[in-house]
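What follows is one structure encoded as structure tokens, with my remarks underneath.
In what follows, chains are A, B, ... by sequence order, proteins preceding strands, each numbered from 1.
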Protein chains: 4
Amino acid sequence: MQDAPFQIADRVYGSRLLVGTGKYKDFTETRAAIDASGAEIVTVAIRRVNIGQDAQAPSLLDYLPPSQFTYLPNTAGCYSADDAVRTLRLARELLDGHKLVKLEVLGDAHSLYPNVVETLRAAETLVKDGFDVMVYTSDDPIIAKQLEEIGCCAIMPLASLIGSGMGILNPWNLKLIIEQARVPVIVDAGVGTASDAAIAMELGCDGVLMNTAIAAAQQPVLMASAMRKGVEAGREAFLAGRMPRKLYSASPSSPTTGMIG
Amino acid sequence: MQDAPFQIADRVYGSRLLVGTGKYKDFTETRAAIDASGAEIVTVAIRRVNIGQDAQAPSLLDYLPPSQFTYLPNTAGCYSADDAVRTLRLARELLDGHKLVKLEVLGDAHSLYPNVVETLRAAETLVKDGFDVMVYTSDDPIIAKQLEEIGCCAIMPLASLIGSGMGILNPWNLKLIIEQARVPVIVDAGVGTASDAAIAMELGCDGVLMNTAIAAAQQPVLMASAMRKGVEAGREAFLAGRMPRKLYSASPSSPTTGMIG
Amino acid sequence: MQDAPFQIADRVYGSRLLVGTGKYKDFTETRAAIDASGAEIVTVAIRRVNIGQDAQAPSLLDYLPPSQFTYLPNTAGCYSADDAVRTLRLARELLDGHKLVKLEVLGDAHSLYPNVVETLRAAETLVKDGFDVMVYTSDDPIIAKQLEEIGCCAIMPLASLIGSGMGILNPWNLKLIIEQARVPVIVDAGVGTASDAAIAMELGCDGVLMNTAIAAAQQPVLMASAMRKGVEAGREAFLAGRMPRKLYSASPSSPTTGMIG
Amino acid sequence: MQDAPFQIADRVYGSRLLVGTGKYKDFTETRAAIDASGAEIVTVAIRRVNIGQDAQAPSLLDYLPPSQFTYLPNTAGCYSADDAVRTLRLARELLDGHKLVKLEVLGDAHSLYPNVVETLRAAETLVKDGFDVMVYTSDDPIIAKQLEEIGCCAIMPLASLIGSGMGILNPWNLKLIIEQARVPVIVDAGVGTASDAAIAMELGCDGVLMNTAIAAAQQPVLMASAMRKGVEAGREAFLAGRMPRKLYSASPSSPTTGMIG
């Protein structure tokens, strides 16, 4: 069976796993892990990672050449629409007019939960300004719809909080988002291990983005390989159409209906 | 990182996915799915599948040559120790003295839950009789220990009921079984989709055995590939050592401790 | 042990269970169920229930006298801030200057998920206009904080979608909301049975509001009694301080830490 | 609505909550907590609690007079059928021919998981010997059936391990046990807080037995009251017939069917 192409903005990708570039020991490990992950899109926190802001320091661009990887500058560390917009304009300059970006605006430094009101504001400005905006957001399906209507090219709801590794806390909200979306839905944040990535894909997500789950594993390169397989396993299982769930083989009905009471 | 070898009885296998051979459209589909799964060990219900009992009918042996696959005759459909022992002795004759078998003794035809008392009895007889017994059982850790002490060469607890596709209902019991076992622990029954297989491996199981999840998928061959990747993803994630779970990134403690109350 | 008083705006209540008045067979059943629930605050959908809008039809006021119950007019069926504000101003007139209201602005008629942007707008207007606003919202902790800062007197996050009976889908988000709030947090929507109400209270919520779970039970009056006890049980368990969770009695650690991998 | 009577052996009880008597600060606290729980049946570990074995020490009988409470001597700390049988014969002597007992035979001191093979053996002996045997067991439905066929007067499956407070780990197994049983099914072990007790009753259990959840709460007497209400709430909710679960109000189907994939 032929899978539908995985297209973001105007490009088609072979891998549905997108990865971050932070929290590694050094750029060599970053590169090794990303190679093992098979990712073609790499996201970069403009406020934290050197891609030319500091001409004296080693640059990620030397380890992950933009000719081989699609860069996705992101606004990690921004708590207002203004900050986020400013950060992405800087990235565009540093990357010679690069348009594809990942917007995230957080609500507080404690939980790192997204601020959806500021996210909507920033998205509006950025889309008008010609950016292709992939947008990190909560799992609120109404906000997801509004972000799509503004013109974002991918909706990226959280599975759980950034850096938590808690997996998918509310698959039902993701389901609502997936069912209504006409742009790719990519789970971003909260994946902790390979099965979490597989579950996201089995739900019908188009892709998964992660950073800490790979970088903070005891063996990042091996975990990157696990994630690659987890995403592929989940995608294939989604396309293959799983068997129905039953309480037991001979049971006439699905297990939840009337399970309690 | 080099994984420990996956050894059953006296042989080492490359694949940690074991598959059944029933419920397919025909033997051609059976073979295609098993090829896609990468499985090296295939289990056969001696009471249902022809491996020579009926010399006139097509035989599975022609589609899955024993020179290429390790056969694992099983006792599906047996509800007493005596029936199971008789069935496996027949299998040994049909397969020229083949010793590796899968024992299962069920409690009733309604739930297909194992009868652990009869399973213990049959295991004792079969081990004395020279069989290498891989044993299907419930997730009761005390019974698992007893089966190991009898001399079974692999413990195969259920994830959930046969044919249910409910996934792993009680990971805590599996954890107890894995922690104490000195022979391979292989989750058998209940896996419904690729993430279930990944979760089993992430828990520390040595392998996964399944049949319905592949054969009853809408596209069995694609699901077989998904399962292969799911098992590999889960194994690699287990070896890689996952990041810790936290309620949020800055949280000092794990999420369950004191979560409620 | 003396519980802290349960205060909303300027009044203290004995019952932490708030109930709706819709979906019953008739006003007599409504009254019987509410009596069994022990609720002192009853919420009324101004657009659906007659409290004087139609002078010819039977009025809820005759069955639930405002002298005995605190009325909480709500904006069920409103999809914009303007509609919600208009509806509550009408309610204030019908109820002689009554200030305590429940604001809800929904995102679409399909899922009934809240529209948090319009909810923020309406809350701002209503608070300025002198209302005491109890506000229905999603489980987004940043929005919850903003609603509190606007001056809402109670935050009412969903457990799951209105009319779903799915229980608490994301207890972790509720936990974040409860930890930061300085006004009462009342779970509203999604409770399906008594244990759901108990769990909400064990999480530390100050109260629970429900309608369908009682009105759509096969025996609403008996379910109302169950809910009363469920809320009290959960509150007492919260105050009593539950035993720690462990995988087994002798286990040194909490069960989630390192459970998988 | 009139509930069916809760009958154990030949007596009918008003309370469906059974409680243990161990782990309290002193007998005065034991009594206060049991009064708050409303329990009429109290279980006593014959090997640990003095009911006359030591004529010099304070006896539980003075604090919980057998004229007011039904005693249920239990075999906590027994790891073989022989030990358990011997212990209950001693109890019968100490309690003047008392027949109603709780049998438990554990598999190891580490997990406290039941040894179902020894439990079956002990049950057989005790029933033949004239005891009314309430039997603690795993959640294995085949073993539960066998214990009922032997003549046990109540089946008491675990929710989770003794002293763990993990709640109900496998409601599906409990459901299988409840559906087939013709004697009372009482969840025993693993309840941690009031909602756990409510869930057990909503599943259709006839009662709940607990000890640690009350005795190890920070405020045992208040938790005892919470448990009383939790059991009653769950029972009433079970009888009232809960609303159906749906992903959202307008959804045509139950949430699990086809949720993933």
Side-chain angles (χ1 to χ4, degrees), chain B residues 79 105-121 137-147 157-161 164-177 179-180 190 192-196 213 216-219 222-223 226 256-261, chain D residues 79 105-121 137-147 157-161 164-177 179-180 190 192-196 213 216-219 222-223 226 256-261:
Chain B
Y79 293 88
V105 187
L106 302 182
D108 65 47
H110 172 74
S111 69
L112 305 182
Y113 200 94
N115 181 324
V116 295
V117 173
E118 290 293 295
T119 300
L120 285 166
R121 278 190 52 217
T137 182
S138 74
D139 58 9
D140 178 328
I142 304 301
I143 296 292
K145 190 76 189 157
Q146 292 170 342
L147 289 166
L158 53 73
S160 48
L161 291 171
S164 71
M166 293 276 283
I168 298 177
L169 297 185
N170 190 334
W172 299 273
N173 275 1
L174 290 185
K175 207 68 187 152
L176 287 173
I177 291 173
E179 281 170 8
Q180 79 191 358
T193 187
S195 58
D196 295 338
Q218 287 166 37
Q219 298 188 54
L222 186 55
M223 186 57 92
T256 302
T257 319
M259 191 191 75
I260 297 183
Chain D
Y79 293 88
V105 188
L106 302 182
D108 65 48
H110 172 74
S111 69
L112 305 182
Y113 201 94
N115 181 322
V116 295
V117 173
E118 289 294 295
T119 300
L120 284 166
R121 278 189 52 218
T137 183
S138 73
D139 59 9
D140 178 328
I142 304 300
I143 297 292
K145 189 76 189 160
Q146 291 170 343
L147 289 166
L158 52 74
S160 47
L161 291 171
S164 71
M166 293 276 283
I168 298 177
L169 298 185
N170 191 333
W172 300 273
N173 274 1
L174 289 186
K175 206 67 187 154
L176 287 173
I177 292 173
E179 281 170 8
Q180 79 191 356
T193 187
S195 58
D196 295 338
Q218 287 165 38
Q219 299 188 53
L222 186 55
M223 186 58 90
T256 302
T257 320
M259 190 190 75
I260 297 182

Task: B:D140 side chain near D:I143 side chain, heavy-atom distance below 4.5 Å - done: no
Task: Atom pair CG/CG of B:L169 and D:N170 - distance to nearest 0.5 Å - done: 5.0 Å
Task: Identified side-chain contact (heavy atoms from CB on, under 4.5 Å) counterpart of B:I142 within the set D:V117, D:L106, D:N115 - done: D:N115
- [ ] Side chain from CB out, backbone as N, CA, C, O: work out which of these in B:L176 comes under 4.5 Å of a heavy atom of chain D, or both, or neither.
- [x] side chain
TODO: Mind checking the CD-OG spacing from D:E179 to B:S111? Nearest 0.5 Å is all I need.
DONE: 10.5 Å
